[in-house]
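The structure under discussion appears below in the form of structure tokens.
Owing to the predicted nature of the structure, the values given are computational and were not obtained by experimental measurement.
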Amino acid sequence: MNFAWRYEQLVSLLKPFAPCWTQSVLHYWPACRDALPDDWWQPLLDWPLDAMHQLDDVLAGAMEIPEGLDMPPGLRRFWEAVRPLVQFPRSPSAIPLSETQTLRMTAKKQHEIAAILPFLVERNEALGVKRAVDLGGGVGHLARTLATELRLPLVSIDRNADLQNMGRALLQKLRMTDVPLEFVNGEMQSARQDALDPYFEGDCLSVGLHTCGPLAWAHLKKSQRSRAVLNFGCCYDRMDVTRDCQQSAWARQHPLPWTSFALFLATRGRRRSLEELAMQERVNTWRLALHLFLQEEGLAAGFLAVGDAPRAIYAQSFADYAADRFRFLQLDFAARAGKADGYIMRSDVARSMREFFVINVVRNVFARPLEVLLLLDRALWMEEQGHRVELRQFFDHSVSPRNLGLFATFKNA
């Protein structure tokens with residue numbers, strides 16, 4: 001797979017729209033709106049919520065366009081150009097897990113482990129690894145399953161001792177005390193760690209299922225003395241744009257203006273229910289209306305942080321919401337209550353609120369490409385170290401949106 005070509009193509013597609021995806025829509029309203037072509041979003045202003053929900057699904061996961069969804073032509077052309085660049089080979093069919101294996105597992109975790117298993121069983125036979133380590137293993141569901149299916153000694157590393165104690169108790173409950181699984185308490189760091197590093201060296205398979213933020217880089221780099229590594233990233237918004245982005249030489253030759261807002265957008269891929277989208281519309285648009293109201297009242301020249309309102313307040317009126325946030329800001333609301341009461345009914349405010357909601361949905365077309373660029377950077381860096389690298393889709397997007405796994409076999413293997 002030509003990772004460099006994909007990276008270059010995605011960069012060329014995203015760069016022209018950087019003013020939109022590098023900024024927060026609220027912080028830079030209406031600049032983010034103006035950074036998008038009118039024909040991407042103006043036709044959507046009259047769409048009902050159920051149609052917007054379908055569009056949200058398509059953009060969040062680069063899914064097929066449902067029949068009858070008339071996506072605006074400009075947006076559709078961009079989506080069609082991006083979609084093949086963010087799709088990757090699927091892993092082998094999932095292996096069904098037994099009732100014993102899935103005890104106390106969430107449905108999401110069951111789905112992930114069932115998808116990872118056949119791939120690792122197949123690759124383990126070729127690699128001939130003698131042991132495996134699971135980073136961030138928590139209760140040890142993945143490690144316990146791999147130990148029995150791969151017939152390998154497993155070490156599960158996690159910083160949460162309580163979760164590990166739960167894992168030990170679960171082994172007792174399942175009468176699996178003979179399973180070669182060791183729980184090691186510790187927190188991985190990029191620097192040398194004499195207590196943890198030896199677990200990632202030698203004839204070892206190293207697995208990190210959803211390593212948050214910069215932990216993914218630490219895992220990939222620390223595993224280079226293993227035979228192979230399988231890593232899934234997540235929580236990209238926890239990364240440092242100056243340290244954790246564009247580490248490969250190819251990425252530095254094709255730079256992008258990464259920001260914290262762009263990293264947050266890269267985590268957006270989760271599908272939302274119609275009810276969740278409706279709630280998100282109210283939360284977002286009321287926040288914009290408050291932003292505009294504060295500016296009109298001369299209380300904020302630009303963006304002003306107002307904290308998170310109680311969820312219950314959104315079942316009340318905008319004036320109730322505004323009063324709650326004014327209390328949080330320690331501002332006098334009584335003199336402005338009359339203005340706030342009908343504020344969102346004003347035609348100019350209602351128009352801005354609708355545009356704001358639509359732009360937030362349309363902007364999600366950049367989420368998956370940004371995520372893929374982060375993963376391609378990791379794959380390219382690994383290749384530059386001389387390793388053999390694959391990127392594959394393991395999970396169904398509807399169940400586990402951070403579904404792309406990076407698998408590398410090392411030059412010493």
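No more than 12 heavy atoms of other residues, nucleotides or ligands sit less than 6.0 Å from atom CZ of R159. Atom CZ of F264 is surrounded by 12 or fewer heavy atoms from other residues, nucleotides or ligands within 6.0 Å. In R392, the CZ atom is crowded: over 12 heavy atoms of neighbouring residues, nucleotides or ligands sit closer than 6.0 Å. Enclosure of atom CZ in R192 by more than 12 non-hydrogen atoms of other residues, nucleotides or ligands within 6.0 angstrom is indicated. Atom CG of D46 has 12 or fewer neighbouring heavy atoms from other residues, nucleotides or ligands inside a 6.0 Å radius. In D308, the CG atom is not crowded: 12 or fewer heavy atoms of neighbouring residues, nucleotides or ligands sit closer than 6.0 Å.
For the pair V133 and V184, the minimum side-chain heavy-atom distance is 4.5 Å or more. Here the side chains of L329 and L299 are not in contact, with every heavy-atom distance at 4.5 Å or above. Side chains of F3 and M382 form no contact here, defined as non-hydrogen atoms less than 4.5 Å apart. By the 4.5 Å heavy-atom criterion applied to side chains, W40 and P37 are counted as neighbours. No side-chain heavy atom of L13 sits less than 4.5 Å from a side-chain heavy atom of P369. Within the 4.5 Å cutoff, no side-chain heavy atoms of S260 are placed close to those of D237. Considering only heavy atoms from C-beta on, F410 stays 4.5 Å or farther from R225 through its side chain. Side-chain contact between L375 and Y236: present, with at least one pair of heavy atoms (C-beta onward) separated by less than 4.5 Å.
In terms of modelled atom types and a separation under 3.5 Å, the side chain of T106 and the main chain of K109 share a donor-acceptor contact. Between the side chain of Q172 and the backbone N or O of R168 there is no donor-acceptor pair closer than 3.5 Å. Formation of a donor-acceptor pair under 3.5 Å by the R252 side chain with backbone atoms of Q247 is found in this model. With hydrogens and angles ignored, the 3.5 Å screen pairs a side-chain donor or acceptor of Q110 with a backbone N or O of M105. A distance-only check finds a donor-acceptor pair linking the side chain of T259 to the backbone of T22 [under 3.5 Å]. In this structure a side-chain-to-backbone donor-acceptor pair under 3.5 Å is present from Q393 to F395. The main-chain N or O of A191 is found under 3.5 Å from a side-chain atom of K222 such that the two form a donor-acceptor pair. Side chain of D377 to main chain of Q246: a donor-acceptor pair is present (N/O by atom type, distance under 3.5 Å, no hydrogens or angles). The main-chain N or O of W250 is found under 3.5 Å from a side-chain atom of H254 such that the two form a donor-acceptor pair. Side-chain N or O atoms of D197 include one that pairs as donor or acceptor with a backbone N or O of Q193 at under 3.5 Å.
Remark: T409 OG1 to R227 CZ distance equals 10.5 Å, nearest 0.5 Å. Separating the CD atom in E384 from the OG atom in S248 is a distance of 5.0 Å, to the nearest 0.5 Å. Distance check, rounded to the nearest 0.5 Å: CD of Q54 to CD1 of I65 gives 11.0 Å. Between atom CZ of residue R402 and atom CD of residue E112 there is a gap of 11.5 Å, rounded to the nearest 0.5 Å. One finds the CG atom of L26 at 6.5 Å from the CG atom of L288 (value rounded to the nearest 0.5 Å). Rounded to the nearest 0.5 Å, atoms CH2 (W21) and CG (L36) are 12.5 Å apart.
Under the ring-ring contact (aromatic ring centres under 6.0 Å, His included) rule, F356 has a single partner from W29, W286, W41, which is W29. Each of L181, L97, I116, V179 was compared with T145 under the side-chain contact (heavy atoms from CB on, under 4.5 Å) criterion, and only L97 meets it. The residue from F119, F407, F88 that alone fulfils the ring-ring contact (aromatic ring centres under 6.0 Å, His included) condition with F394 is F119.
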**OP:** Verify salt bridge (charged side-chain N to carboxylate O under 4.0 Å, His left out) between E390 and R123, making sure each step is shown before the conclusion.
**Re:** CA-CA 12 Å; E390 302 175 46; R123 298 310 171 94; 2.4 Å; yes
**OP:** Report the C-alpha distance between F357 and M52 in whole Å, list the side-chain angles of each, state the deciding distance to 0.1 Å, and finish with yes or no for side chain to side chain contact (heavy atoms under 4.5 Å, CB included).
**Re:** CA-CA 10 Å; F357 170 64; M52 290 298 293; 4.1 Å; yes
**OP:** Walk me through it: do R363 and R268 pass the test side chain to side chain contact (heavy atoms under 4.5 Å, CB included)?
**Re:** CA-CA 10 Å; R363 185 170 172 264; R268 164 57 193 96; over 6 Å; no
**OP:** Apply salt bridge (charged side-chain N to carboxylate O under 4.0 Å, His left out) to the pair R368 and E371, showing each step before the final yes or no.
**Re:** CA-CA 5 Å; R368 187 65 161 185; E371 176 184 14; 3.0 Å; yes
Subject >> From CA spacing to verdict: side chain to side chain contact (heavy atoms under 4.5 Å, CB included), L265, N364 >> reply: CA-CA 7 Å; L265 183 57; N364 288 330; 3.9 Å; yes
Original post:
Given the rule in the salt bridge (charged side-chain N to carboxylate O under 4.0 Å, His left out) test, do D134 and R144 qualify, once you have shown the distances and angles that lead to the verdict?
Top reply: CA-CA 10 Å; D134 176 24; R144 184 181 71 249; over 6 Å; no
**OP:** Would you check, one step at a time, whether the test side chain to side chain contact (heavy atoms under 4.5 Å, CB included) holds for K221 with W381?
**Re:** CA-CA 10 Å; K221 292 179 177 180; W381 184 87; 3.6 Å; yes
**OP:** Evaluate the salt bridge (charged side-chain N to carboxylate O under 4.0 Å, His left out) criterion for residues R354 and E281: first the C-alpha distance (whole Å), next the side-chain angles of each, then the deciding distance (0.1 Å), finally the verdict.
**Re:** CA-CA 9 Å; R354 180 60 183 176; E281 178 183 16; 3.7 Å; yes
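When every heavy atom of L85 is checked against every heavy atom of A81, the shortest pair comes out as CD1-O, 3.7 Å. Nearest approach of R325 to G307, heavy atoms of both residues: NH1-C, 3.5 Å. Across all non-hydrogen atoms, the minimal contact from L146 to V207 is CD1-CG2, 4.4 Å. Smallest separation of non-hydrogen atoms from H53 and S273: NE2-C, 3.3 Å. Residues W79 and V58 approach most closely at NE1-CG1, 3.5 Å, considering heavy atoms. Scanning all heavy atoms of the two residues, the minimum distance from F303 to H291 falls at CA-CE1, 3.9 Å.
Ring orientation note: the planes of F78 and F17 are nearly perpendicular, at an angle over 60° on the 30°/60° scale. Using a 30° and 60° split on the angle between ring planes, H210 and F232 fall in the perpendicular class, above 60°. The aromatic rings of F318 and Y343 sit parallel, their planes meeting at an angle under 30°, below the 60° perpendicular limit.
Between the side chains of N284 and R287, no donor N or O sits under 3.5 Å from an acceptor N or O.
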